[in-house]
There are 2 protein chains.
Amino acid sequence: MSSQTTAAESSSQPRYAAIKAHIRAQIESGEWPAHFRVPSENQLAQDFGVSRMTARRALSELTDENVLIRSQGLGTFVAEPVPAGSLLEVRNIADEIAARGHSYAARILKLEQTVAHTEVAVALGLTEGSVVFHSIIVHLDNGLPIQFEERYTSPTLVPEYLQQDFTAATPNEYLTRVAPLTEVDTTVEAIGADEAVGKALEIKAGTACLQIWRRTKSSAGTVSFARLVHPGNRYRLGAQIRF
Amino acid sequence: MSSQTTAAESSSQPRYAAIKAHIRAQIESGEWPAHFRVPSENQLAQDFGVSRMTARRALSELTDENVLIRSQGLGTFVAEPVPAGSLLEVRNIADEIAARGHSYAARILKLEQTVAHTEVAVALGLTEGSVVFHSIIVHLDNGLPIQFEERYTSPTLVPEYLQQDFTAATPNEYLTRVAPLTEVDTTVEAIGADEAVGKALEIKAGTACLQIWRRTKSSAGTVSFARLVHPGNRYRLGAQIRF
DNA sequence: TGTACATTCTTGTATATACAAGTTTGTGGG
DNA sequence: CCCACAAACTTGTATATACAAGAATGTACA
């Protein structure tokens, strides 16, 4: 078949690239706004004179790039642009979400007592094997997971931790209310989501995320040690830092 | 054909997932170290009793997840694990790379005089339309792009900027040597790479990156305004922040 | 009226096949 | 010894086809 060769001759780039470019152009020009339903795989295949699998590839790659959202049985839609916002100063992500006019919800994956392994013990200033509270919570913005929070909390400083209803108030909010925090130690890094995080945040493993390690201290000692993971594609998170 | 149904019955997950899991397991167990050559598409297809396209899909997805690296004609290889390192304090990325025992190189994409548009003018404390120096440099770690640096520099405070050889010393290094910096204002965010950055960093558009805006000031005023973009998958970059 | 079901869309998975294109290796010929 | 070229790999692109599975819509029947 010479159709393949023809495409290569005319532009020296794969055919699916042309479809991607076309879709991008439509979105950038404002022709296709957010939530706009893009033509189906079959329609695009027909329009561009390619097979369904080629059109599908263009749609799939744009989905990976967070330009489109697909769902089986429904169709393919233009994704909402990622909002910008501050991050590291955020004390209560529920407020942050409410401030955007979105609905907040939480999914509690774990809330239990366990024993501290080395890393956690060091961070909390406890001896290895001490009892600690361990919680894993996923925070949702309009139903979409935007923060994975894994937290280890000192049972001596916050004894009532496990009795809290964290669907109402976030752990961070609760801690700032209960213990007067004097210091927050934060580390930021960019990582690829591991399997567990990917599953919880409903993103593909390997999707790059912003990971924040936060150690909150009160005058009595280290209260809590948290790992916060944000999918880089759902939120654009900023942080002002001064040296 | 019932083979498809059989797979669905046994695990209710697609067949390529099994191949992905297998490869992941081999890598995690240490059986397949970094740079190990993974079986070819045809080999995997035969081993798992699937078609080449299905095996290919597994390899492609793992490549997107930065677990594997592929190159046409050569084969598929286990990717090097992303190194961890500090970031925001880094003054000279060339030193940082040398400290890892890697080779440093720079690609100068732009080094010229231009006029400041609004955003840049505000950041540098100049009037709109003023002359500024504009440079775009890609920093390479062992030949692999790991930082995209776009910088606007004040010509009154650093008049010799354009005459520098930035393959020898980085702009940041040069600036700290020339102007005594009193303050550094940094903003961090996670973004998806745009087309220009993607091309420069040799990553797919949409790949999440750590983006850093940095405004360096001396006693005389704002010296430079830089935008640094790191591919989240090549480097694991950390930053210690204290509140 | 309303529920159950078939139809018809959509995207998702899987195969078989073909050729393009990049890399290495082996084989001759000069 | 070295160069040229063919062969044998690799991954990359593209097609045609089939069926699975999710979601909406219309239709027939109770």
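Here is the naming used below: chain letters follow the sequence lines, and residue numbers restart at 1 for every chain.
- Taking the six-membered ring for Trp, A/Y152 and A/Y161 have ring centres at least 6.0 Å apart.
- In this structure, of C/dG12, D/dT11, C/dA16, it is D/dT11 that holds the atom nearest to the side chain of B/R70.
- Taking atom CZ of residue B/R56 and atom P of nucleotide D/dA14, one finds them 11 Å apart after rounding to whole Å.
- At whole-Å resolution of the value, CD in A/Q43 and P in C/dT11 are 10 Å apart.
- Rounding to whole angstrom units, CZ of residue A/R57 and C1' of D/dT15 are separated by 13 Å.
- Nucleic acid contact class of A/R52 (heavy atoms, under 4.0 Å, all strands): base.
- Side-chain atoms of B/S51 lie closest to C/dA16 of the nucleotides D/dT11, D/dA16, C/dA16.
- Taking only side-chain nitrogens and oxygens, B/T54 never comes nearer than 4.0 Å to OP1 or OP2 of C/dA14.
- Spacing between atom CD of B/Q46 and atom P of D/dT10 amounts to 11 Å, rounded to whole angstrom units.
- With rounding to whole Å, B/K20 atom NZ is found 12 Å from C/dA14 atom P.
- With C/dT11, C/dT13, D/dT11 as the choices, the nucleotide that has an atom nearest any side-chain atom of B/Y16 turns out to be C/dT13.
- Note: B/H139 NE2 to B/L144 CG = 14.5 Å, rounded to the nearest 0.5 Å.
- Across D/dT15, C/dG12, D/dT11, the shortest atom-to-atom separation from the side chain of A/Q72 is found for C/dG12.
- Computed from coordinates, the B/R15 CZ to D/dC19 P distance equals 15 Å when rounded to whole Å.
- The separation between B/I69 atom CD1 and D/dT10 atom C1' is 16 Å, rounded to whole Å.
- Rounded to whole Å, the distance from CD on B/E61 to P on C/dG12 is 12 Å.
- Residues A/L74 and B/E41 each lie close to DNA chain D; by heavy-atom proximity, the contact nearer the 5' end of the strand is made by B/E41.
- Distances shown here put every side-chain N or O of A/S71 at or beyond 4.0 Å from the OP1 or OP2 atom of C/dT11.
- Looking at A/E150 and A/K110, no side-chain N of the basic residue comes within less than 4.0 Å of a carboxylate O on the acidic one, giving no salt bridge.
- Between B/E149 and B/R214 no salt bridge is recorded (no basic side-chain N to carboxylate O distance below 4.0 Å).
- Electrostatic pairing of B/E28 and B/R24 does not count as a salt bridge here, judged by no charged N lying under 4.0 Å from a carboxylate O.
- Within the structure, a side-chain polar atom (N or O) of A/T76 is placed less than 4.0 Å from OP1 or OP2 of C/dT11.
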